[in-house]
Amino acid sequence: MSVRVRFAPSPTGFLHIGGLRTALYNYLFARHNGGKFILRIEDTDQSRYVENAEQDIIDSLEWTGMVIDEGPGKGGDFGPYRQSERKDLYHKYAKQLVEEGHAYYAFDTVDEIEEMRERLKKSGNPSPKYDAITRQSMKNSLTLPQDEVKKRLDAGEEYVVRLKVPRRETVKFEDEIRGVVSFDTDGLDDQVLVKSDGMPTYHLANVVDDHTMEITHVIRGEEWLSSAPKHILLYNAFGWEPPTLAHLPLIMSPSGGKLSKRKAETEGIPINTKDYISGHYESDALVNFLAYLGWSPGDDSEIHDMKSLSELFTLDRVSKGGAVFNHKKLMWYNENYIREHSIAELMPGVKELVEAEGFEIPSDEFLTKVIELLHERVSKVDEFVSMGAFFFEAPETYDEKAVKKWKDDSPVILKTYRDKIEALPDEKFEAVTLKDKIKETIEEHEVGFGKLMMPLRLAVSGQGFGPELTPALELIGKQESLDRIDTIIEKLA
RNA sequence: GCCGCGUUCGUCUAGGGGUCCAGGACGCCGCCCUUUCACGGCGGUAGCACGGGUUCAAAUCCCGUACGCGGUACCA
């Protein structure tokens, strides 16, 4: 049977980094095995539905380079791919379960259940459940006479469908990542399958969909591990073969705990995929970084693109423990990918950013040189703009820390250099010559290299760091360079 | 509380009885290169949670403890 996996997010917000990683592992697994990657939207909780979430999920996956084989908008033989559009299916199967004695109707109100739990807690049961024991004293089709049940149903009274969880049974299954996991059914609630608003719960919809969509492997976050026995019980009740289960370790916050939106924000970690898009991260870098958060190929390699990751990825190399998100390592990956990209590849993106800042780009050759000069020192594309702004416009302010290196003798030394390069014929205004003039100047003044370099860099760029200086001067041009030197002498002398 | 799952350098991880006084990467520190800042090169720092077994031999297998995380809803 060919491999079919699904990524099944709920559209309750923007796609966050944890969800993206789950999607990635599913995608990699599908590609590795020549299978299909399916997107299914689990929109069964109408109260948490967020309007643009679905589009955000699709856009995010596209940005990272994951290609959806089947899904909403995309189509496929197993649609519809939104759970809200499959309601009839769930009802059909829920009904079947009731008829076969695996589930039952329950008419208790939320308050009544709450009251039952409170009462039991007081009498010494620390974790009361709606289970094989307590259901006997509740209002449901197991305790009510048949005609009464029918009457309530016909009258349109609100009800839920609950799974009839057997007592004293052990549910065992083999998790691809964790090995054999077992649970006792006595710890389980009679899980609600159909809510009173007519929507299925995750558990029912999930099992029905995975089966009818012929999903072979369910790869999801560890937060689902505790629900897995409920799902196994459901597969058994239907008489279906469960798919292979694999529960992924969670992505943790540096301060501990699952990386949540709130925690990420206070720790300065972008949490949503769209933040990485708008933050100008390299998608290859994010993918590479995320792939290694809980998985490794087993050798010493670190850099792999999507294609290479697909070839290497197997579930048995996924680790079991949670993985802490390390933003510095992400930045290292990002830097790496920028270096690996050619100037031509970088060009369109940088151009767009430079133009967005309102800078005039003299020519493509000019921009090419700017990118060349900055290529080795930038770790994110937007830094081409922040670090390279001075190529397009004279600095308006000078970096405070760098200004501290401006000494009393700076104006004289700078002036000497200024006059030397002013005397240069235009065709000689080039990096090598400009560098020779620097040497001449410091020799004349008997000072170190930095004595001229720092003030000169400050004059030209307004910063204390940046690309190689003399090629930058050449690019900016003679007149502009002289003007900038004059300006700083006037301002700081 | 109960149930489940975890635990190798600060972080991500390799390693699955002897080849490990534990390897790689990020970070951090130092040196070299560059008469600047970076890049790069070289080197260093630092870890098998703890306690019992099993075994000639344990980071590796078993048990327990501790700690962490997840779940415990008509949320997913």
Side-chain angles (χ1 to χ4, degrees), chain A residues 8-12 19 42-45 47-48 83 106 108-110 113-114 117 121 125-130 158-162 175 177-179 181-184 186-189 191-203 205-206 220-229 247 249-250 252 254 256-258 289 292-303 317 319-333 335 339 374-379 387 402 405 435 438-439 442 447-457 461 463-469:
Chain A
S10 336
T12 54
E42 308 225 324
D43 53 348
T44 54
D45 185 354
S47 65
R48 293 209 299 160
Q83 292 187 328
D108 318 276
T109 64
V110 175
I113 295 167
E114 185 63 23
R117 290 200 165 117
K121 241 180 227 175
N125 183 344
S127 49
K129 300 188 162 28
Y130 199 122
E158 283 201 345
Y159 68 91
V160 299
V161 176
R162 282 181 183 271
D175 185 285
I177 294 166
R178 282 148 219 285
V181 179
S182 78
F183 288 83
D184 199 307
D186 286 3
L188 268 34
D189 256 293
Q191 188 60 52
V192 170
L193 265 20
V194 177
K195 299 182 267 189
S196 57
D197 66 357
M199 277 295 199
T201 56
Y202 169 86
H203 308 285
N206 194 259
R220 69 216 321 183
E222 197 192 341
E223 70 266 31
W224 292 108
L225 188 57
S226 313
S227 304
H247 291 93
L250 264 17
M252 314 294 275
K258 181 166 129 179
F289 169 73
Y292 272 66
L293 218 49
W295 172 86
S296 86
D299 55 24
D300 288 343
S301 63
E302 299 280 344
I303 308 293
R317 298 214 55 88
S319 40
K320 298 179 176 79
V324 176
F325 189 97
N326 183 345
H327 192 259
K328 281 194 169 155
K329 186 137 191 187
L330 204 213
M331 289 312 291
W332 174 77
Y333 272 112
E335 235 172 76
R339 304 244 161 76
L374 291 166
H375 199 188
E376 298 290 290
R377 29 195 107 211
V378 144
S379 56
M387 216 181 266
K405 303 225 167 133
K435 193 154 195 174
I438 289 176
K439 281 180 199 157
I442 60 171
V447 292
F449 197 66
K451 277 291 211 179
L452 170 56
M453 223 48 189
M454 288 310 291
L456 185 56
R457 180 180 288 285
S461 72
Q463 295 166 327
F465 58 89
E468 240 194 300
L469 206 42

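Numbered from 1 within each chain, the chains take letters A, B, ... in sequence-line order. Only a predicted model underlies this, so the values are computations on that prediction, with no experimental measurement involved.
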| message | Any N or O donor-acceptor pair under 3.5 Å from the base of B:rC5 to the side chain of A:R178? | response | no
| task | Could I get the full list of salt bridge (charged side-chain N to carboxylate O under 4.0 Å, His left out) partners for A:D189, not counting sequence neighbours? | result | A:R117
| said: Strictly by Watson-Crick or wobble contacts shorter than 3.5 Å, is anything paired with B:rG70, and which nucleotide is it? | reply: B:rC3
| request: Can you see which heavy atom on A:G221 is nearest to which on A:H247, and at what distance? | output: O-CD2, 3.5 Å
| query | Counting side-chain heavy atoms from CB outward, which of B:rA76, B:rC37, B:rA73 is closest to A:F465? | reply | B:rC37
| request: Tell me what A:N125 touches on the nucleic acid: a base, only sugar-phosphate, or nothing, going by heavy atoms under 4.0 Å. | output: nothing
| query | What does A:V324 touch in the nucleic acid at a heavy-atom separation under 4.0 angstrom: a base, only the sugar-phosphate, or nothing? | reply | sugar-phosphate
| said: Test of understanding: with side chain to side chain donor-acceptor pair (under 3.5 Å), list the residues that count as partners of A:H375, not counting sequence neighbours. | reply: none
| message | Once side chain to side chain donor-acceptor pair (under 3.5 Å) is applied, do any residues pair with A:E302, and if so which ones, sequence neighbours excluded? | response | A:Y333
| What pairs with A:M199 under side chain to side chain contact (heavy atoms under 4.5 Å, CB included), at least two apart in sequence or on another chain? | A:Q46, A:S84, A:K87, A:K195, A:D197
| request: Please identify each residue that fulfils side chain to side chain contact (heavy atoms under 4.5 Å, CB included) with A:V324, with sequence neighbours left out. | output: A:M252, A:P254
Please produce a list of atom pairs where a protein N or O lies less than 3.5 Å from an N or O of nucleotides 65-67 of chain B.
none

| field | Contact under 4.0 Å: A:S319 side-chain N or O vs B:rU13 OP1/OP2 | value | yes
| task | Counting heavy atoms from C-beta on, name the nucleotide in B:rC37, B:rC3, B:rG70 closest to the side chain of A:F183. | result | B:rC3
| said: Closer than 3.5 angstrom, by distance alone: can the side chain of A:R317 be matched with the main-chain N or O of A:S296 as a donor-acceptor pair? | reply: yes
| query | So which one's nearest nucleotide on RNA chain B is more toward 5', A:E376 or A:I113? | reply | A:E376
| task | With heavy atoms under 4.0 Å as the rule, sort A:S182 into base, sugar-phosphate or nothing. | result | sugar-phosphate
| How is A:V181 classified with respect to the nucleic acid when contacts are heavy atoms under 4.0 Å: base, sugar-phosphate, or nothing? | sugar-phosphate
| query | Less than 4.5 Å apart, any side-chain heavy atom of A:K435 and any of A:E468? | reply | yes
| request: Can you figure out which of B:rC69, B:rC74, B:rC5 approaches the side chain of A:R117 most closely? | output: B:rC74
| query | Under 4.5 Å between any side-chain heavy atoms of A:Q83 and A:P200, yes or no? | reply | no
Quick one: which protein N/O atoms are closer than 3.5 Å to N/O atoms of nucleotides 30-36 of chain B? Pair and distance per line, please.
residue: B:rU36; atom: O2; partner: A:R457; partner atom: NE; Å: 3.0
residue: B:rU36; atom: O2; partner: A:R457; partner atom: NH2; Å: 3.0
residue: B:rU36; atom: N3; partner: A:R457; partner atom: NH2; Å: 2.5

| Watson-Crick/G-U partner (both atom distances under 3.5 Å) of B:rC20 | none
| query | Looking across every strand, which nucleic acid part, if any, lies under 4.0 Å from A:S47 by heavy atom: base, sugar-phosphate, or nothing? | reply | nothing
| Using purine N1 to pyrimidine N3 plus N6-O4 or O6-N4 for Watson-Crick, or N1-O2 and O6-N3 for G-U wobble, each under 3.5 Å, what pairs with B:rU36? | none
Any protein N or O atoms within reach of nucleotides 46-51 of chain B? Criterion: under 3.5 Å, listing atom names and distances.
none

| field | Identified pairing partner of B:rC31, criterion: Watson-Crick or G-U wobble below 3.5 Å | value | B:rG41
| Hey, does the side chain of A:S296 come within less than 4.0 Å of B:rA14's phosphate (OP1/OP2), counting only N and O? | yes
| said: What's A:G257 touching, base or sugar-phosphate or nothing? Going by heavy atoms closer than 4.0 Å. | reply: sugar-phosphate
| field | Separation between the P atoms of B:rC67 and B:rC20, rounded to whole Å | value | 35 Å
| task | Select base, sugar-phosphate, or nothing to describe what A:S10 touches, counting heavy atoms under 4.0 Å on all strands. | result | sugar-phosphate
| Can you tell me how far the OG1 atom of A:T44 sits from the OH atom of A:Y202, to the nearest 0.5 Å? | 10.0 Å
| message | Between P on B:rG16 and CD1 on A:I177, what's the gap in Å once rounded to a whole number? | response | 20 Å
Can you pull every protein N or O that's under 3.5 Å from an N or O on nucleotides 24-28 of chain B?
residue: B:rA25; atom: O4'; partner: A:E302; partner atom: OE2; Å: 2.8
residue: B:rA25; atom: O2'; partner: A:K329; partner atom: NZ; Å: 3.2
residue: B:rA25; atom: N3; partner: A:K329; partner atom: NZ; Å: 3.1
residue: B:rC26; atom: OP1; partner: A:W332; partner atom: NE1; Å: 3.2
residue: B:rC26; atom: O2'; partner: A:K329; partner atom: N; Å: 3.4

| remark: For A:D45, the salt bridge (charged side-chain N to carboxylate O under 4.0 Å, His left out) test, sequence neighbours excluded, returns A:R48
| Nearest to the side chain of A:R339, which nucleotide is it out of B:rC69, B:rG40, B:rC5? | B:rG40
| task | Looking at every strand, decide which applies to A:S127 at a 4.0 Å heavy-atom threshold: base, sugar-phosphate, or nothing. | result | base
| said: Going by side chain to side chain contact (heavy atoms under 4.5 Å, CB included), name the residues that satisfy it together with A:K451, two or more places apart in sequence or in a different chain. | reply: A:K407, A:D409, A:I413, A:V447
| field | A:F465 six-ring centre to A:R377 NZ/CZ under 6.0 Å and within 45° of normal | value | no
| field | Between B:rC12 and B:rG53 - C1' atom distance, rounded Å | value | 33 Å
| request: For B:rG47 and B:rU11, measure between their P atoms and round to the nearest Å. | output: 12 Å
| query | When the nearest nucleotide of RNA chain B is assigned to A:R317 and to A:F325 on a heavy-atom basis, which residue is associated with the more 5' position? | reply | A:F325
| said: Under a 3.5 Å cut-off for both contacts, is B:rC75 paired Watson-Crick or G-U wobble with anything, and if yes, with which nucleotide? | reply: none
| task | Report the distance from atom CH2 of A:W224 to atom C1' of B:rU72, rounded to the nearest whole Å. | result | 13 Å
| task | Sticking with atom P, work out how far B:rC28 lies from B:rC39, rounded to a whole angstrom. | result | 10 Å
| query | Listed by chain and number, what are the side chain to side chain contact (heavy atoms under 4.5 Å, CB included) partners of A:D299, not counting sequence neighbours? | reply | A:P297, A:S301
| query | If we take the C1' atom in both B:rG4 and B:rU8, what is their distance in whole Å? | reply | 23 Å
| task | Find out whether A:L456 and A:I438 are in side-chain contact, i.e. whether some heavy atom of one side chain is under 4.5 Å from a heavy atom of the other. | result | yes
| request: Taking atom C1' in both B:rC61 and B:rG24, compute the distance separating them and give it to the nearest angstrom. | output: 27 Å
| request: Examine distances only and state if a side-chain atom of A:S319 and a backbone atom of A:G294 form a donor-acceptor pair shorter than 3.5 Å. | output: yes
| message | With rounding to the closest Å, how many angstrom separate the P atoms on B:rC50 and B:rA66? | response | 16 Å
| message | Please tell me if A:K195 has a side-chain N or O lying less than 4.0 Å from either OP1 or OP2 of B:rA76. | response | yes
| message | Measure CD/A:Q191 against P/B:rC75 and give the value in whole Å, please. | response | 9 Å
| task | Just call it for A:M252: base, sugar-phosphate, or nothing, with non-hydrogen atoms closer than 4.0 Å on any strand. | result | sugar-phosphate
| task | For the pair A:R339 (side chain) and A:S379 (backbone), establish whether a donor and an acceptor sit closer than 3.5 Å, ignoring hydrogens and angles. | result | no
| field | Whole-angstrom distance between B:rU54 and B:rC62, as gauged at atom P | value | 15 Å
